[in-house]
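Bear in mind the structure is a predicted one, so any value in this text is a computation, not a measurement.
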Amino acid sequence: MGTGSDMYRQQILDHYKNPRNYGELDDATFEHVGENPMCGDTIKLFVKLDDDDETIAGVSFIGDGCAISQASASLLSGELRGMTIPEVRAMDRDDIIDMLGVEISPMRVKCAVLAEKVAQDGAAIYVGDKELEETTTEEDSES
C-alpha cells in the first residue's frame with residue numbers, strides 16, 4: 001500500500017463530504033435518475049447542453065448513498081462538462097475507475113459506475129435511442 005492510494009482515498013472522501021456540482025439545475029436540458037439497489041445508492045443527474053444541442057455546458061446531481069457512488073458522481077460531474085453526448089455514451093467502467101484512482105472491488109463496481117450509467121442512459125433517452133424511467137444497476141433482476 002503506497003501513499004498513492006491513500007491520496008485517492010482522500011480524494012474520494014473529499015468528494016463525498018464536499019460534493020462538487022451538488023444540487024438541481026433549474027434549466028437542465030435533460031435529467032435522469034438511477035439507483036443501485038444492492039447498496040441503496042441513488043443519483044439524479046441534471047445535464048444542460050450548449051446551443052449546439054450536443055456539448056455539455058453544465059452538470060449537477062443530487063442523491064445519496066455510499067462514498068464511492070457519491071464521489072464518482074461528483075468527479076463525473078466535473079469531467080462531463082465540455083464532453084459531447086457521443087463521447088459520454090462511449091465511456092466505459094474503466095474510465096470511471098481510472099477517474100476514481102483506487103482499486104474497486106467487484107462488489108463496489110456498481111457503486112462506482114452508477115453515475116456514468118445514469119449519464120449514458122440519460123443521453124440515450126434524450127437523443128431518442130432508449131426509453132427508460134429509471135436506470136438500475138440490476139439489469140437482470142427478474143429472477
Next on the checklist: Using side-chain heavy atoms (C-beta onward) and a distance below 4.5 Å, is L49 in contact with I85?
Outcome noted: yes
Item to check | Steps toward salt bridge (charged side-chain N to carboxylate O under 4.0 Å, His left out) verdict (D14, R20) | outcome: CA-CA 10 Å; D14 180 45; R20 321 302 193 262; 2.6 Å; yes
Item to check | Nearest-0.5 Å distance, NZ of residue K110 to SG of residue C39 | outcome: 11.0 Å
Item to check | Pairwise distance CD1(I104) to OG(S72) - rounded to 0.5 angstrom | outcome: 8.0 Å
Next on the checklist: Would a single hydrophobic cluster contain both V47 and M99, if residues Ile, Leu, Val, Met, Phe, Trp and Tyr are joined by side-chain heavy-atom contacts under 4.5 Å?
Outcome noted: yes
Checklist entry - Do the rings of F61 and Y22 sit parallel, tilted or perpendicular, given the 30° and 60° boundaries? => result perpendicular
Checklist outcome for this item: side chain to side chain donor-acceptor pair (under 3.5 Å) pairs touching residues 32-45, sequence neighbours excluded, are E31-K44, H32-T135, N36-D41, N36-T137, D41-S69, T42-D64
Checklist outcome for this item: Tightest non-hydrogen contact, residues V59 and S77, listed as CB-O, 3.7 Å
Next on the checklist: Could you measure the distance from the NZ atom of K17 to the CD atom of Q10? Nearest 0.5 Å is fine.
Outcome noted: 7.5 Å
Next on the checklist: Closer than 3.5 angstrom, by distance alone: can the side chain of Q70 be matched with the main-chain N or O of A67 as a donor-acceptor pair?
Outcome noted: no
Checklist entry - Taking Q120 for the side chain and V88 for the main chain, is one N or O donor matched with an acceptor at less than 3.5 Å? => result yes
Checklist entry - Are V33 and L25 in one and the same hydrophobic cluster, where Ile, Leu, Val, Met, Phe, Trp and Tyr link if side-chain heavy atoms are under 4.5 Å apart? => result no
Item to check | N21 to G78 - nearest heavy-atom pair and separation | outcome: ND2-N, 3.7 Å
Next on the checklist: What I'd like to find out is whether the side chain of S60 reaches to under 4.5 Å of the side chain of K48, using heavy atoms alone.
Outcome noted: no
Checklist entry - Under 3.5 Å, is there a donor-acceptor pair linking the side chains of D50 and T55? => result no
Item to check | Within-4.5 Å side-chain heavy-atom neighbours: M91 and E79 | outcome: no
Checklist entry - Would one find more than 12 heavy atoms of other residues, nucleotides or ligands at under 6.0 Å from atom CG of D92? => result yes
Item to check | Heavy atoms of other groups near D26 CG, more than 12 under 6.0 Å | outcome: no
Checklist outcome for this item: Residues F46 and A28: closest non-hydrogen pair is CB-CB, 4.0 Å
Checklist entry - Side chains of Y126 and D121: do they bring a donor and an acceptor to under 3.5 Å? => result no
Checklist outcome for this item: Closest non-hydrogen atoms of D95 and A90, given as atom of the first, atom of the second and distance, are OD2-O, 4.5 Å
Checklist entry - If you round to the nearest 0.5 Å, how far is CG of L45 from CD1 of I62? => result 10.0 Å
Item to check | Spatial distance of atom CD1 (I56) from atom CZ (R81) [nearest 0.5 Å] | outcome: 9.5 Å
Item to check | Common cluster, V127/M83, ILVMFWY with side-chain heavy-atom separation under 4.5 Å | outcome: yes
Checklist entry - Closest heavy-atom contact between L100 and Y8? => result O-CD2, 3.4 Å
Checklist entry - Below 4.5 Å, heavy atoms only, C-beta onward: do V118 and E134 meet side chain to side chain? => result no
Checklist entry - If you take all heavy atoms of A124 and R89, which pair is closest and at what distance? => result CB-NH2, 3.6 Å
Checklist entry - Are I97 and L80 connected in the hydrophobic side-chain network, where two residues link if heavy atoms are under 4.5 Å apart? => result yes
Next on the checklist: What I'd like to find out is whether the side chain of C111 reaches to under 4.5 Å of the side chain of M38, using heavy atoms alone.
Outcome noted: no
Checklist outcome for this item: So CG of L76 and CG of L114: to nearest 0.5 Å the spacing works out to 10.5 Å
